Student: 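Sharing a structure with you now.
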Amino acid sequence: MTGVAAAAYGIVMQMYTVGFVAHVAMQGAAAALVPSSLARSGRKEARVVADRLYLWSLLVGLFIGMAQYFSLPYLIPLFSTLPEVQEAVRVPSTIACIIHVINGPRFAGEGILLGLGCFRDLTLVTVMGISIMVSTLASPLGKGLEGIMWCNLIFCAYQAISLCGHYSFFGPLSQRKRDSHLKDG
(Lines give C-alpha, C1' and ligand atoms only; values in the text may rest on other atoms or scores of the structure.)
Protein backbone atom coordinates (compact mmCIF):
# COMPACT_ATOMS: atom_id res chain seq x y z
CA MET A 1 0.00 0.00 0.00
CA THR A 2 1.35 3.39 -0.93
CA GLY A 3 1.31 6.40 1.36
CA VAL A 4 -1.43 7.98 -0.77
CA ALA A 5 -3.60 4.86 -0.52
CA ALA A 6 -3.03 4.62 3.23
CA ALA A 7 -3.95 8.26 3.74
CA ALA A 8 -7.03 7.90 1.53
CA TYR A 9 -8.14 4.80 3.44
CA GLY A 10 -7.85 6.62 6.78
CA ILE A 11 -9.81 9.61 5.51
CA VAL A 12 -12.59 7.51 3.96
CA MET A 13 -12.96 5.42 7.13
CA GLN A 14 -13.20 8.55 9.28
CA MET A 15 -15.98 9.93 7.09
CA TYR A 16 -17.77 6.57 6.98
CA THR A 17 -17.55 6.07 10.74
CA VAL A 18 -19.45 9.28 11.52
CA GLY A 19 -22.58 7.93 9.83
CA PHE A 20 -21.95 4.42 11.07
CA VAL A 21 -22.29 5.62 14.68
CA ALA A 22 -25.72 7.10 13.94
CA HIS A 23 -26.84 3.84 12.34
CA VAL A 24 -25.71 1.82 15.34
CA ALA A 25 -27.80 4.14 17.52
CA MET A 26 -30.84 3.37 15.33
CA GLN A 27 -30.07 -0.33 15.68
CA GLY A 28 -30.07 0.01 19.47
CA ALA A 29 -33.33 1.92 19.39
CA ALA A 30 -34.96 -0.81 17.29
CA ALA A 31 -33.58 -3.54 19.57
CA ALA A 32 -35.17 -1.83 22.57
CA LEU A 33 -38.41 -0.31 21.23
CA VAL A 34 -39.81 -3.23 19.21
CA PRO A 35 -39.72 -5.88 21.97
CA SER A 36 -41.01 -3.44 24.58
CA SER A 37 -43.89 -2.52 22.27
CA LEU A 38 -44.56 -6.21 21.64
CA ALA A 39 -44.68 -6.94 25.37
CA ARG A 40 -46.80 -3.89 26.18
CA SER A 41 -49.25 -3.72 23.26
CA GLY A 42 -48.97 -6.86 21.14
CA ARG A 43 -47.85 -7.76 17.64
CA LYS A 44 -49.89 -5.21 15.73
CA GLU A 45 -48.43 -2.29 17.67
CA ALA A 46 -44.92 -3.81 17.53
CA ARG A 47 -45.27 -3.98 13.73
CA VAL A 48 -46.27 -0.30 13.64
CA VAL A 49 -43.23 0.62 15.74
CA ALA A 50 -40.93 -1.52 13.57
CA ASP A 51 -42.34 0.00 10.38
CA ARG A 52 -41.78 3.46 11.81
CA LEU A 53 -38.19 2.56 12.77
CA TYR A 54 -37.53 1.31 9.23
CA LEU A 55 -38.85 4.58 7.84
CA TRP A 56 -36.85 6.73 10.26
CA SER A 57 -33.70 4.70 9.64
CA LEU A 58 -34.09 5.13 5.90
CA LEU A 59 -34.59 8.87 6.36
CA VAL A 60 -31.54 9.09 8.65
CA GLY A 61 -29.50 7.15 6.09
CA LEU A 62 -30.67 9.43 3.28
CA PHE A 63 -29.88 12.51 5.32
CA ILE A 64 -26.40 11.31 6.32
CA GLY A 65 -25.58 10.11 2.81
CA MET A 66 -26.77 13.29 1.12
CA ALA A 67 -25.23 15.61 3.70
CA GLN A 68 -21.91 13.84 3.41
CA TYR A 69 -22.07 13.76 -0.40
CA PHE A 70 -22.78 17.48 -0.72
CA SER A 71 -20.10 18.22 1.92
CA LEU A 72 -17.35 16.22 0.18
CA PRO A 73 -15.94 19.19 -1.76
CA TYR A 74 -15.44 20.94 1.60
CA LEU A 75 -14.55 17.92 3.76
CA ILE A 76 -11.88 16.33 1.59
CA PRO A 77 -9.54 19.37 1.63
CA LEU A 78 -9.89 19.52 5.42
CA PHE A 79 -8.35 16.07 5.70
CA SER A 80 -5.51 16.55 3.20
CA THR A 81 -4.05 19.32 1.08
CA LEU A 82 -2.29 16.85 -1.24
CA PRO A 83 -4.05 16.65 -4.62
CA GLU A 84 -3.15 12.94 -4.99
CA VAL A 85 -4.78 12.06 -1.69
CA GLN A 86 -7.82 14.21 -2.43
CA GLU A 87 -8.30 12.45 -5.76
CA ALA A 88 -7.85 9.02 -4.16
CA VAL A 89 -10.58 9.86 -1.61
CA ARG A 90 -13.28 11.12 -4.01
CA VAL A 91 -14.79 7.90 -5.38
CA PRO A 92 -14.48 5.77 -2.21
CA SER A 93 -16.05 8.51 -0.09
CA THR A 94 -18.89 8.84 -2.62
CA ILE A 95 -19.47 5.09 -2.31
CA ALA A 96 -19.53 5.54 1.47
CA CYS A 97 -22.36 8.07 1.00
CA ILE A 98 -24.39 5.44 -0.86
CA ILE A 99 -23.63 2.91 1.87
CA HIS A 100 -25.12 5.27 4.46
CA VAL A 101 -28.45 5.20 2.61
CA ILE A 102 -28.38 1.39 2.52
CA ASN A 103 -27.29 1.13 6.14
CA GLY A 104 -30.42 2.88 7.38
CA PRO A 105 -32.75 -0.07 6.77
CA ARG A 106 -29.92 -2.56 7.35
CA PHE A 107 -29.29 -1.49 10.93
CA ALA A 108 -33.00 -1.10 11.68
CA GLY A 109 -33.49 -4.67 10.49
CA GLU A 110 -30.61 -5.94 12.62
CA GLY A 111 -32.01 -4.15 15.65
CA ILE A 112 -35.49 -5.54 15.10
CA LEU A 113 -34.16 -9.11 14.77
CA LEU A 114 -32.02 -8.64 17.88
CA GLY A 115 -34.95 -7.25 19.84
CA LEU A 116 -37.22 -10.11 18.80
CA GLY A 117 -34.59 -12.70 19.70
CA CYS A 118 -34.15 -13.94 16.12
CA PHE A 119 -30.45 -14.58 16.71
CA ARG A 120 -30.18 -17.67 14.50
CA ASP A 121 -31.80 -15.92 11.56
CA LEU A 122 -29.62 -12.83 12.00
CA THR A 123 -26.54 -15.05 12.22
CA LEU A 124 -27.48 -16.88 9.02
CA VAL A 125 -28.00 -13.61 7.15
CA THR A 126 -24.71 -12.27 8.49
CA VAL A 127 -22.73 -15.42 7.64
CA MET A 128 -24.05 -15.33 4.09
CA GLY A 129 -23.27 -11.60 3.85
CA ILE A 130 -19.73 -12.16 5.11
CA SER A 131 -19.30 -14.99 2.59
CA ILE A 132 -20.34 -12.62 -0.18
CA MET A 133 -17.99 -9.94 1.12
CA VAL A 134 -15.02 -12.31 1.38
CA SER A 135 -15.73 -13.57 -2.15
CA THR A 136 -15.81 -10.06 -3.56
CA LEU A 137 -12.68 -9.05 -1.64
CA ALA A 138 -10.85 -12.10 -3.00
CA SER A 139 -11.85 -11.14 -6.55
CA PRO A 140 -10.08 -8.48 -8.61
CA LEU A 141 -12.64 -6.01 -7.21
CA GLY A 142 -10.94 -6.14 -3.79
CA LYS A 143 -7.55 -4.92 -4.99
CA GLY A 144 -7.85 -1.22 -4.18
CA LEU A 145 -9.67 1.17 -1.87
CA GLU A 146 -12.41 1.88 -4.40
CA GLY A 147 -13.00 -1.84 -4.89
CA ILE A 148 -13.01 -2.47 -1.15
CA MET A 149 -15.73 0.14 -0.74
CA TRP A 150 -17.72 -1.52 -3.56
CA CYS A 151 -17.35 -4.84 -1.69
CA ASN A 152 -18.66 -3.16 1.46
CA LEU A 153 -21.59 -1.72 -0.51
CA ILE A 154 -22.44 -5.19 -1.91
CA PHE A 155 -22.32 -6.65 1.62
CA CYS A 156 -24.52 -3.89 3.05
CA ALA A 157 -27.02 -4.15 0.19
CA TYR A 158 -27.31 -7.92 0.66
CA GLN A 159 -27.80 -7.45 4.40
CA ALA A 160 -30.45 -4.75 3.95
CA ILE A 161 -32.42 -6.75 1.37
CA SER A 162 -32.23 -9.95 3.41
CA LEU A 163 -33.21 -8.30 6.67
CA CYS A 164 -36.12 -6.40 5.10
CA GLY A 165 -37.23 -9.62 3.41
CA HIS A 166 -37.03 -11.55 6.66
CA TYR A 167 -39.02 -8.88 8.47
CA SER A 168 -41.66 -8.71 5.74
CA PHE A 169 -42.14 -12.39 4.94
CA PHE A 170 -40.62 -14.72 7.57
CA GLY A 171 -40.11 -12.89 10.86
CA PRO A 172 -42.34 -12.94 13.92
CA LEU A 173 -43.99 -9.67 12.87
CA SER A 174 -44.51 -10.59 9.21
CA GLN A 175 -47.99 -10.09 7.80
CA ARG A 176 -48.10 -13.72 6.69
CA LYS A 177 -47.42 -15.06 10.19
CA ARG A 178 -49.83 -12.64 11.79
CA ASP A 179 -52.61 -13.50 9.37
CA SER A 180 -52.06 -17.26 9.45
CA HIS A 181 -51.85 -18.17 13.11
CA LEU A 182 -51.02 -15.30 15.43
CA LYS A 183 -53.87 -13.59 17.22
CA ASP A 184 -53.29 -10.05 18.38
CA GLY A 185 -54.54 -8.91 21.74
Side-chain angles (χ1 to χ4, degrees), residues 1-31 52-114 122-123 125-168:
M1 181 182 284
T2 68
V4 169
Y9 178 81
I11 292 168
V12 170
M13 287 301 107
Q14 287 178 0
M15 286 193 235
Y16 175 70
T17 302
V18 171
F20 188 82
V21 170
H23 292 303
V24 171
M26 295 299 290
Q27 178 190 51
R52 194 172 305 132
L53 283 162
Y54 263 117
L55 176 63
W56 276 105
S57 292
L58 177 61
L59 293 174
V60 167
L62 278 168
F63 175 77
I64 293 169
M66 289 174 57
Q68 186 172 327
Y69 177 77
F70 289 116
S71 300
L72 287 178
Y74 309 102
L75 287 174
I76 293 173
L78 292 175
F79 285 99
S80 176
T81 57
L82 299 173
E84 304 86 22
V85 174
Q86 291 179 359
E87 189 58 36
V89 168
R90 283 190 210 296
V91 173
S93 59
T94 301
I95 296 168
C97 297
I98 299 166
I99 294 172
H100 286 311
V101 176
I102 295 168
N103 275 347
R106 172 187 161 212
F107 279 98
E110 286 182 1
I112 290 166
L113 261 64
L114 287 169
L122 180 57
T123 300
V125 168
T126 303
V127 166
M128 186 62 180
I130 290 171
S131 299
I132 291 169
M133 184 177 220
V134 168
S135 298
T136 57
L137 286 170
S139 76
L141 187 60
K143 299 292 184 228
L145 177 57
E146 186 177 323
I148 290 169
M149 292 307 292
W150 280 114
C151 295
N152 191 8
L153 186 141
I154 291 166
F155 166 77
C156 293
Y158 165 79
Q159 290 283 107
I161 291 166
S162 296
L163 293 166
C164 289
H166 182 277
Y167 170 72
S168 298

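This chain uses plain numbering: 1 for the first residue, then up along the sequence. These numbers were taken from a predicted model, which means no experiment stands behind them.
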Student: Evaluate side-chain contact (heavy atoms from CB on, under 4.5 Å) for Leu163 paired with Leu122, printing each intermediate quantity in order.
Tutor: CA-CA 8 Å; Leu163 293 166; Leu122 180 57; 3.8 Å; yes

Student: Only counting residues at least two apart or in another chain, list the ones meeting side chain to side chain donor-acceptor pair (under 3.5 Å) with His23.
Tutor: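 Counting only residues at least two positions away or on another chain, His23 forms no side chain to side chain donor-acceptor pair (under 3.5 Å).
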
Student: Specify the closest pair of heavy atoms between Ala88 and Leu145, including all atoms of both residues, with the distance to one decimal.
Tutor: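 Minimum heavy-atom contact is O-CD2, 4.3 Å.
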
Student: Check Val91 against Glu146 and note the closest heavy-atom contact, atom names and distance.
Tutor: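 In this case the closest contact between Val91 and Glu146 is CG1-CD, 3.3 Å.
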
Student: Which atoms form the tightest heavy-atom contact between Ile99 and Cys156, and what is the distance?
Tutor: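 Between these two residues, the closest heavy atoms are CG2-SG, 3.8 Å.
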
Student: At what distance, to the nearest 0.5 angstrom, does NZ of Lys143 lie from CG of Leu137?
Tutor: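 Nearest 0.5 Å value for the NZ-CG distance: 9.5 Å.
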
Student: Could you walk me through whether Asn152 and Phe155 pass the side-chain contact (heavy atoms from CB on, under 4.5 Å) check?
Tutor: CA-CA 5 Å; Asn152 191 8; Phe155 166 77; 4.1 Å; yes

Student: Which distance, rounded to the nearest 0.5 Å, do you find between the CH2 of Trp56 and the CE of Met26?
Tutor: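 Reported value, rounded in 0.5 Å steps: 8.0 Å.
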
Student: Which label fits Tyr167 and Tyr54: parallel for a plane angle under 30°, tilted from 30 to 60°, or perpendicular past 60°?
Tutor: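 Because their plane-to-plane angle lies in the 30° to 60° range, the rings of Tyr167 and Tyr54 count as tilted.
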
Student: Using every non-hydrogen atom in the two residues, find where Ile11 and Ser80 come nearest and quote the distance to one decimal.
Tutor: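 Smallest heavy-atom distance, with atoms named: CD1-CB, 4.0 Å.
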
Student: Hey, what do you get for CD (Glu110) to CD (Gln27), rounding to the nearest 0.5 Å?
Tutor: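 That separation rounds to 5.0 Å.
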
Student: Verify, without hydrogens or angle tests, whether Ser93 (side chain) and Arg90 (backbone) share a donor-acceptor contact under 3.5 angstrom.
Tutor: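 Yes, Ser93 side chain to Arg90 backbone: donor-acceptor pair under 3.5 Å.
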
Student: Quick check for you: to the nearest 0.5 Å, what is the distance between Met66 atom CE and Ser71 atom OG?
Tutor: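 Going from the CE atom of Met66 to the OG atom of Ser71 covers 11.0 Å.
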
Student: Can you tell me if CZ on Phe79 sees more than 12 non-hydrogen neighbours from other groups inside 6.0 Å?
Tutor: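 Yes.
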
Student: Determine the minimum heavy-atom distance between Met15 and Leu72, stating which atoms define it.
Tutor: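 So the minimum-distance heavy-atom pair works out to SD-CD2, 3.6 Å.
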
Student: Roughly how far apart are Ser139 OG and Trp150 CH2, rounded to 0.5 Å?
Tutor: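 If we round to the nearest 0.5 Å, Ser139:OG and Trp150:CH2 are 13.5 Å apart.
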
Student: Go through Val18 and Gln68 one step at a time and tell me if the side-chain contact (heavy atoms from CB on, under 4.5 Å) criterion holds.
Tutor: CA-CA 10 Å; Val18 171; Gln68 186 172 327; 5.7 Å; no

Student: Dump the intermediate steps for side-chain contact (heavy atoms from CB on, under 4.5 Å) on Asn103 and Ile64, then the final yes or no.
Tutor: CA-CA 10 Å; Asn103 275 347; Ile64 293 169; over 6 Å; no

Student: Is any side-chain heavy atom of Met133 closer than 4.5 Å to a side-chain heavy atom of Ile154?
Tutor: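 Counting from C-beta outward, Met133 and Ile154 never come under 4.5 Å.
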
Student: Can you tell me how far the OH atom of Tyr16 sits from the OH atom of Tyr9, to the nearest 0.5 Å?
Tutor: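 Going from OH on Tyr16 over to OH on Tyr9, the span is 10.5 Å.
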
Student: Which heavy atom of Pro92 sits nearest to which heavy atom of Met149, and what is that distance?
Tutor: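 Residues Pro92 and Met149, closest heavy atoms: CB-CG, 3.8 Å.
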
